[in-house]
Structures are given as C-alpha cells and as structure tokens.
Q: 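This is the structure, below, for whatever I ask next.
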Amino acid sequence: MTAAPIRRRATISRISRMSRMSRMSRREARHGFLFILPWIIGFLAFTAIPMVATFVFTFLNISLSESEPLRFIGLENYRRLFGDKQAWASLLVTARFALLWLPVVVVLPFLLAVAVNSRNVRGGGLLRVLLFMPYVVPFVAGALIWQNMLVEDGWINSALRWVGVARPPSWLNDPTWVIPGLVLIGLWGLGSGIIINLAGLRAIPTHLYDAARLDGAGWWRQLRHVTIPMMSPVLFYTMILAVVDVMQYFLVPLVLFDGSGDPGGATRFFNLYLYQTFFTFQEMSYGSTLAWLLFVITLIVTLLLFRLSRHWVHYTSER
C-alpha cells in the first residue's frame, strides 16, 4: 500500500472526527442556550427594555396627572433637572451620608472578620452566628427597633448618660446627628459583609503567614503586608457593592420619617426624591431623568474606583 492512500484515509478520519465534534459542540451550545434562556428573557423584560423605555421617557412629557396629550419635549426634562435645587440638595445629602457610611461598611466588617478569624478567639463559630443573625431580620423591622433605641430616652442615650454624657445627642431629631444615627442603624446589616470577609481570610494561604513569622513579622506587619494585600480584591468588591447600595439608599428614611426629609431636609436622599417623583407626584418623564442621572453618577464613580484599583488591588493570578 502506497503512502498516498494512507494519508487520504488519515485525512478522512480527521475530517470525520472534526465533524462529530462539531455536531457535539453545536448540540452543547444549543443546550447551554436553553439553560440560560430564562435569564436572557428576564434580563430583557425586567432590565434592558425598561432601561431603554426610561431613556425614551426623558424626552417625553409622560405624567399620570398631565392633562395635555403625549408629545416630544426634547431636552426640557434635562433643563428642569439642572435648575432643580431640590435634586442637587438631595444629591448632596446622599454624598454626605456616603462619606461617613462607606468607610464603616468596608472597614468594620473586615476588622470584625479578622478578630473572629483569630486563633486566640474562642467560640468563633458562635460569634459568626451572632454577627450574621441580625442580617436575617427584615430591614424594616430592624429600622423600627433602632428607632426606639435612638429616641431621647432610648437605650443608646441611657447608656451614654450612664458613662457620664450629660446631654446625649438627639439622634433622629437633630440635622447634625441624624446622619450618624442612620449609620448606626446600618450596622444592623453588616453580617453579610463579615461572612464575605471571613471567606476571603480563609482563602489566604497559611504558608504566607509562616514565611512572615520566620522573617520576624509580628501581628501588625502580617496584617499590613500579608492580610490586607491578599484581601484587597474582597475589599474592592465590598466597596463597589457599598457604592451601589449607598446611591440607592432610601428605605430607612422612608420608614422612619415617612419620606418627609425631616429633620430639616437632612434625610431627603436622592433616591427618595426620585421615588417620590415617580410614585407620589407621578411625573414619569422627570423621574426617569432623575434615574438616569443616578445611573450616570454611579457609573462614573464605579469606573473611577476600577481605575484606582490598579494601584492597590492585588490578584494572586497576576505575575
């Protein structure tokens, strides 16, 4: 038998195998598409199409209380937005809350996770359960519990008087102290962040700590040179989630103050103003314009954080 027929048979065999693999790949692709089809339908129906619709609304005059017919008004909603002092004031309230809340929601769960994960702490499992349990309680119920704790004669002020503070703050009635009071209420939901940080701490290779101890590194140097660099992706992840959450913050002031912005407009958050514009005043077009402003600001802040993350976030897969 000559070499040419042998080569032809080998070529035919390879083509046949490639054809079978191609059919199998197509069948697997179809099955994979069928599995993700419900998600695709949900994304289109509840995310993509509503986003496009709200963007179209910004150029119309849609309002349930509007007597005139539907028409195209161009950039009128955007001109109204730039002249709306209440919108920018509510955005400033959100920024003030974010400056105080973001360091707490990123740093405190990390520190608590480090403490619970320490070998010197007994009952770590029980502590994890106790720290996570408040997260399971519905947030509205938790907010009402904290409201009773933060009133003039509540537990917090009683404890402050017991330690010698003659005139404790009026947490929920003073514009100066209401933002710190809302931060205290937010501590109720830190359990998920603690669990996420604990998972990240457990994933750090132990040989890194062994090497650091051999080099004479104490607890602080291990935390600074091993724990924090290895946990930087987790910290960055929690920071991104915290930014998105803080831009959408409105449930607690809505429950505690009925969306009135009391005291003195200090709790009129931007997302609360957006919610009231949409569902209370029923101005759909202007509410859509506010929603797109919120989306753009959140996107810019997130992209900026991703840009800055190159300088402090370290991934183990990078060389």
Side-chain angles (χ1 to χ4, degrees), residues 50-68 70-102 105 139-140 143 146-147 150 169-186 242-304:
M51 285 186 66
V52 174
T54 56
F55 183 70
V56 174
F57 287 175
T58 63
F59 302 101
L60 304 175
N61 66 331
I62 300 176
S63 175
L64 296 184
S65 61
E66 187 68 52
S67 57
E68 61 180 282
L70 177 67
R71 61 186 179 86
F72 178 79
I73 60 174
L75 300 177
E76 184 62 33
N77 285 314
Y78 292 95
R79 283 193 290 267
R80 176 183 172 184
L81 173 61
F82 285 111
D84 189 352
K85 295 181 180 180
Q86 182 57 62
W88 300 106
S90 61
L91 191 61
L92 183 59
V93 170
T94 303
R96 289 173 180 168
F97 178 74
L99 290 176
L100 188 59
W101 172 241
L102 289 178
V105 76
F139 205 76
V140 173
W146 273 93
Q147 182 183 30
L150 292 172
S170 181
W171 296 100
L172 300 180
N173 297 316
D174 188 343
T176 304
W177 287 98
V178 67
I179 295 298
L182 293 178
V183 171
L184 286 176
I185 296 175
V243 168
V244 175
D245 288 341
V246 79
M247 295 302 296
Q248 298 177 353
Y249 185 81
F250 86 106
L251 180 59
V252 174
L254 179 65
V255 172
L256 298 186
F257 307 103
D258 198 25
S260 62
D262 292 333
T267 61
R268 189 176 294 278
F269 289 82
F270 186 84
N271 206 40
L272 179 61
Y273 181 59
L274 188 160
Y275 171 83
Q276 291 176 331
T277 302
F278 238 109
F279 298 103
T280 303
F281 308 132
Q282 299 179 347
E283 298 183 11
M284 305 301 179
S285 290
Y286 188 57
S288 299
T289 309
L290 294 173
W292 272 93
L293 175 63
L294 181 65
F295 170 76
V296 170
I297 293 175
T298 306
L299 179 63
I300 292 174
V301 173
T302 303
L303 292 177
L304 180 62

Q: Can you tell me how far CG of Leu184 sits from CD1 of Ile179, rounded to the nearest 0.5 angstrom?
A: 11.5 Å
Q: Kindly list each side-chain donor-acceptor pair under 3.5 angstrom involving residues 263-272, sequence neighbours excluded, with atom names and distances?
A:
residue : atom : partner : partner atom : Å
Thr267  : OG1  : Gly261  : O            : 3.3
Thr267  : OG1  : Asp262  : O            : 2.6
Arg268  : NH1  : Gln276  : OE1          : 2.9
Arg268  : NH2  : Ser260  : O            : 2.9
Asn271  : ND2  : Gln248  : O            : 2.9

Q: Can you check whether Trp177 reaches Ser170 side chain to side chain, under 4.5 Å on heavy atoms?
A: no
Q: Could you go through residues 50-60 and list every donor-acceptor pair under 3.5 Å that involves a side-chain atom there, pairing it with any protein atom two or more places apart or in another chain?
A:
residue : atom : partner : partner atom : Å
Thr54   : OG1  : Pro50   : O            : 3.2
Thr54   : OG1  : Met51   : O            : 2.7
Thr54   : OG1  : Trp292  : NE1          : 3.0
Thr58   : OG1  : Phe55   : O            : 2.5
Thr58   : OG1  : Tyr78   : OH           : 3.0

Q: Might you point out which heavy atoms bring Met247 and Leu91 nearest each other, and give the distance in Å?
A: CE-CD1, 4.5 Å
Q: Compile the donor-acceptor pairs under 3.5 Å between side chains in residues 81-88 and protein atoms, sequence neighbours left out, one pair per line.
A:
residue : atom : partner : partner atom : Å
Asp84   : OD1  : Gln86   : N            : 3.1
Asp84   : OD1  : Ala87   : N            : 3.4
Asp84   : OD2  : Tyr273  : OH           : 2.6
Asp84   : OD2  : Tyr286  : OH           : 2.5
Trp88   : NE1  : Leu81   : O            : 3.1

Q: Hey, does Val105 have a side-chain heavy atom less than 4.5 Å from the side chain of Val246?
A: no
Q: Between Leu172 and Phe257, is any pair of side-chain heavy atoms under 4.5 Å apart?
A: yes
Q: Is there side-chain contact between Phe278 and Met284, with heavy atoms separated by less than 4.5 Å?
A: yes
Q: Can you measure from CG (Leu251) to CD1 (Ile185) and round to the nearest 0.5 angstrom?
A: 10.5 Å
Q: Specify the closest pair of heavy atoms between Thr298 and Leu294, including all atoms of both residues, with the distance to one decimal.
A: OG1-O, 2.8 Å
Q: If you measure from CD on Glu76 to OG1 on Thr289, what distance do you get to the nearest 0.5 Å?
A: 10.5 Å
Q: From Ile73 CD1 over to Ser285 OG, what is the distance, rounded to the nearest 0.5 angstrom?
A: 6.0 Å
Q: Any chance you could measure Trp146, atom CH2, to Leu256, atom CG, to the nearest 0.5 Å?
A: 12.0 Å
Q: Quick one, Val296 and Ile300 - any side-chain contact, counting heavy atoms below 4.5 Å?
A: yes
Q: Please determine whether the number of non-hydrogen atoms from other residues, nucleotides or ligands lying under 6.0 Å from atom CZ of Phe250 exceeds 12.
A: yes
Q: Grab the two heavy atoms, one from Trp171 and one from Pro180, that are nearest each other, plus how far apart they are.
A: CZ3-CB, 4.2 Å
Q: Nearest heavy-atom pair of Val252 and Leu182: which atoms, and what distance?
A: CG1-CD2, 3.7 Å
